[in-house]
Amino acid sequence: MKPLFTILKGGRRYTPDDAGVGDVVLAAGVITSLADNVLPDPSYGEVEVVDVKDKYVVPGFIDQHVHLLGGGGEGGYATRTPEVMLSHLTRAGITTVVGCLGTDGTTRHVASLLAKARALELEGISTYIYTGAYEVPAPTITESVRDDLIIIDKVIGCGEVAIADHRSAQPSIEDIRKLAAQSRVGGLLSNKAGVLHLHVGNNPQGIGMLLELIAEQEIPVTQFTPTHMNRNQQLLDQGIRFAALGGMIDFTTSVNLSESNVARVKAAKAVSYCLEQGVDLSHITMSSDGNGSLPVFDEQGDTIGFMVGEPMSLYREWRDLVLEEQLELSQSLKVITGNPSRTLKLFPRKGTLKVGADADIVVLNQDLEIEYVFARGYCMVRQGQVVVKGVFE
Ligand code: ZN
């Protein structure tokens with residue numbers, strides 16, 4: 001069908017650190033060489049050579065928060081958002097995705113999320129899921145967060161569990177402590193990250209509970225990956241304290257521009273602000289909240305409008321890090337490649353260009369437009385066009 005042996009020739013490689021100009025060889029789904037000049041040999045079988053001179057060759061993007069099954073429903077059944085299609089992810093350069101449930105853990109289930117993740121994996125990208133949803137106790141497949149982590153290959157953490165939000169189950173600190181403990185032990189026994197991925201809402205308490213838990217020094221700070229930390233300035237400042245304690249903070253790139261959400265800090269601006277405040281870049285990630293619902297509430301908490309999160313926002317916000325916030329390319333890439341890969345314990349298979357790593361690669365032109373996307377060695381986007389579509393696209 002397609003050659004499984006590809007040479008990307010003469011591009012500027014970022015691992016995400018700048019590795020200079022040279023070739024990248026993709027064979028049987030992994031990177032097999034980063035030599036400066038690789039010549040195809042007829043004995044290799046069919047080899048595709050792609051000229052990527054003057055282009056950037058970078059690791060495929062990792063999106064650690066996508067509502068693969070859709071989400072929402074805060075305005076009733078008709079407002080449940082649609083499922084993700086393969087090309088919505090690949091055209092945004094996303095080659096690894098972590099799926100989650102959200103507000104609705106009643107009509108959407110972890111088992112169907114697992115099935116959707118498996119479907120996307122069969123269609124070509126790499127997928128993982130969090131067990132659980134907004135509510136506590138967390139809905140699971142085996143009736144235990146810990147057992148889901150240990151038994152189910154794709155489960156790499158628990159989330160997105162809501163705190164500080166009127167849509168949460170109002171979990172107590174004890175609830176969160178227990179969930180973190182289950183995630184931690186499940187992660188240890190399965191050699192996975194076992195993160196507790198927390199949706200943080202608008203309540204001024206923010207991540208106060210996490211800061212309390214960390215102070216107890218029992219559960220490591222790295223067990224928690226709070227998201228939506230750019231929801232407002234106050235939460236962002238709290239996140240800076242959390243990062244100073246060694247925590248990872250995640251910024252959401254899908255932005256609800258409605259009036260009631262004007263407090264939100266644009267993700268790229270939030271990254272810049274954190275760096276100015278002395279946060280180490282290695283503590284920052286971005287994710288899209290793709291296909292999640294972005295309901296707009298009035299002052300009484302009534303739903304007055306809807307938007308849907310877009311996976312493409314991850315790419316756009318990353319590009320703004322370079323073009324608007326003037327971050328170096330290698331630094332900006334870490335936020336959506338190396339950092340989430342380490343947090344989710346997918347390194348060194350994901351989030352890097354390295355011999356032996358999965359051949360998940362994005363090729364960008366000088367304007368940072370996506371020209372090629374390879375997922376486990378297969379070309380998904382070619383010259384800016386989606387060439388592999390999902391079964392129902
Ligand atoms: Zn959320």
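Remember, it's 1-based here, ligands and their atoms both numbered in the order they're listed.
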A.B. asks: For D23 versus R13, what's the shortest heavy-atom pair and its separation?
C.D. replies: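 It is O-NH1, 3.0 Å.
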
A.B. asks: Which pairs pass side-chain hydrogen bond (donor to acceptor under 3.5 Å, both in side chains) with one or both residues in residues 65-79, sequence neighbours excluded?
C.D. replies: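 Found H65-H67, H65-E160, H65-H197, H65-D289, H67-E160, H67-D289, E74-T103, E74-R167, E74-S293.
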
A.B. asks: Locate the shortest heavy-atom distance separating Y372 from R382; write the atom from each residue and the value.
C.D. replies: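 Result for this residue pair: CE2-CG, 3.7 Å.
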
A.B. asks: Do L353 and V362 belong together in a cluster built from hydrophobic side chains that touch within less than 4.5 Å?
C.D. replies: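 No; tracing contacts between hydrophobic side chains, which count when under 4.5 Å, never links both residues.
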
A.B. asks: N202 and D165: side-chain donor and acceptor closer than 3.5 Å?
C.D. replies: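 Looking only at side-chain atoms, D165 and N202 do not form any donor-acceptor pair under 3.5 Å.
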
A.B. asks: Check the Zn ion (ligand 1) and write out every protein N, O or S atom at under 2.8 Å, as residue and atom.
C.D. replies: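 Near the Zn ion (ligand 1), the protein supplies E160 OE1, H199 ND1, H228 NE2.
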
A.B. asks: Measure the SG-CG distance between C274 and D237 for me, rounded to the nearest 0.5 Å.
C.D. replies: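 Between atom SG of C274 and atom CG of D237 there are 8.5 Å.
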
